[in-house]
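Letters A, B, ... mirror the listed sequences (proteins, then strands); counts begin at 1.
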2 protein chains.
Amino acid sequence: MSALLPVRDTLDVIGGKWKLLILISIWEGNKHFREIERSIPKLSTKVLSKELKDMEENQLITRTILNGFPVRTEYRPTEHSKTLEKVIFELYNWGVNHRKKIFGANSEIVSSNRT
Amino acid sequence: MSALLPVRDTLDVIGGKWKLLILISIWEGNKHFREIERSIPKLSTKVLSKELKDMEENQLITRTILNGFPVRTEYRPTEHSKTLEKVIFELYNWGVNHRKKIFGANSEIVSSNRT
DNA sequence: AGTTTTGATTACCTCAAGGTAACTGATTAC
DNA sequence: GTAATCAGTTACCTTGAGGTAATCAAAACT
């Protein structure tokens, strides 16, 4: 069944290692390239650059170049990006519940095997 | 922020190319290995085998071996798996909306560049 | 004996996401 | 002139998900 296409679309938009972290960083108020980069440990400029492009294409953020002294770019979240909050909340919710189901009581202790 | 850990968990469980297709196939009533395999074009036995194991670990399905003639295994969806329906619906919903936003009117025509 | 069907496992290959690191170009400050 | 800061780009490498194909074991049928 390809009623799954829209699901795939969504997963493409928020999937991958960095997209959500970057989006949240921008939601939190980080506007400039280096600012966002510094707010996320281990994130490289190459990956950030690519992800920001993707996110702009998907209309999750806007990019504005401020001409001036040491050249600044400003990234801002769109209203459209805010509609993701509900989706993310559902994913979060299910995840919390799933952890309880799988690990029981000690959900916090087990499985910190992710970067 | 690692409040994203549960989100990652959820994405791990439903992410990847095949997991949702397999889950839906089982939801639809397919019970046996070959039956599931045949219901999903291009899915190889190796991948199916691996995904079914993952899904069993994540308590989305149960596996029962029926001893008999040409050995049969029975896969069945759990109640826990049903709690994913809401999540999938949200992903679907957002995806549909996103398509409209990005492609406008001709959402159906554009971007069938996925297998 | 040989083929078919079930449910897999194993070895090998491919490809894209992501990681590493060096470099560009513009401008201001030292 | 040299360094620093901003916003990237480019070339190269690594890793893991997934694809391909052969093989295994057990029983039933022919």
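- The NZ-P distance, from B:K17 to C:dA16, rounds to 11 Å in whole Å.
- Salt bridge A:R8/A:D12: absent, no basic N to carboxylate O contact under 4.0 Å.
- The existence of a salt bridge linking A:E74 and A:R76 is confirmed by a sub-4.0 Å separation between a basic side-chain nitrogen and an acidic carboxylate oxygen.
- As rounded to whole Å, 16 Å separates atom P of D:dA17 from atom CH2 of B:W18.
- Between A:I36 atom CD1 and D:dT5 atom P there is a gap of 19 Å when expressed in whole angstrom units.
- In this structure, A:N30 places its CG atom 16 Å from C1' of D:dC6, rounding to the nearest Å.
- The nearest whole Å value for the distance from the CG atom in A:D12 to the P atom in C:dA17 is 10 Å.
- Within the 4.0 Å cut-off from OP1 or OP2 of D:dC6, at least one side-chain nitrogen or oxygen of A:R38 is found.
- Residues A:E56 and A:K53 are not paired through a salt bridge, judged by the lack of any N-O separation under 4.0 Å between the basic side chain and the carboxylate.
- Between the CD atom of B:E37 and the P atom of D:dG18 there is a distance of 16 Å, rounded to whole Å.
- Each of B:L4, B:T10, B:L5, B:D9 was compared with B:V7 under the side chain to side chain contact (heavy atoms under 4.5 Å, CB included) criterion, and only B:L4 meets it.
- Computed from coordinates, the B:I40 CD1 to D:dG19 P distance equals 12 Å when rounded to whole Å.
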Would you tabulate the nitrogen or oxygen pairs shorter than 3.5 Å linking the protein to nucleotides 7-10 of chain C?
from, atom 1, to, atom 2, distance (Å)
C:dG7, OP1, B:T73, N, 3.2
C:dG7, OP2, B:R34, N, 2.9
C:dG7, O3', B:T73, OG1, 3.4
C:dG7, N7, B:R34, NH2, 2.1
C:dA8, OP1, B:R63, NH1, 2.3
C:dA8, OP2, B:R63, NH1, 3.1
C:dA8, OP2, B:T73, OG1, 3.3
C:dA8, OP2, B:Y75, OH, 2.4
C:dA8, N7, B:T45, OG1, 3.3
C:dT9, OP1, B:K53, NZ, 3.2
C:dT9, OP2, B:S49, OG, 2.7
C:dT9, OP2, B:K53, NZ, 3.3
C:dT9, O4, B:T45, OG1, 3.3

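- Contact annotation: the side chain of B:L52 approaches that of B:I22 to within less than 4.5 Å [non-hydrogen atoms, C-beta and beyond].
- Nucleotide C:dC30 has D:dG1 as its partner under the Watson-Crick or G-U criteria, with both atom distances under 3.5 Å.
- Contact of the B:L21 side chain with the B:I24 side chain is not registered, since no non-hydrogen atoms from C-beta on lie closer than 4.5 Å.
- C:dT20 atom P lies 11 Å from atom CG of A:L43, rounded to whole Å.
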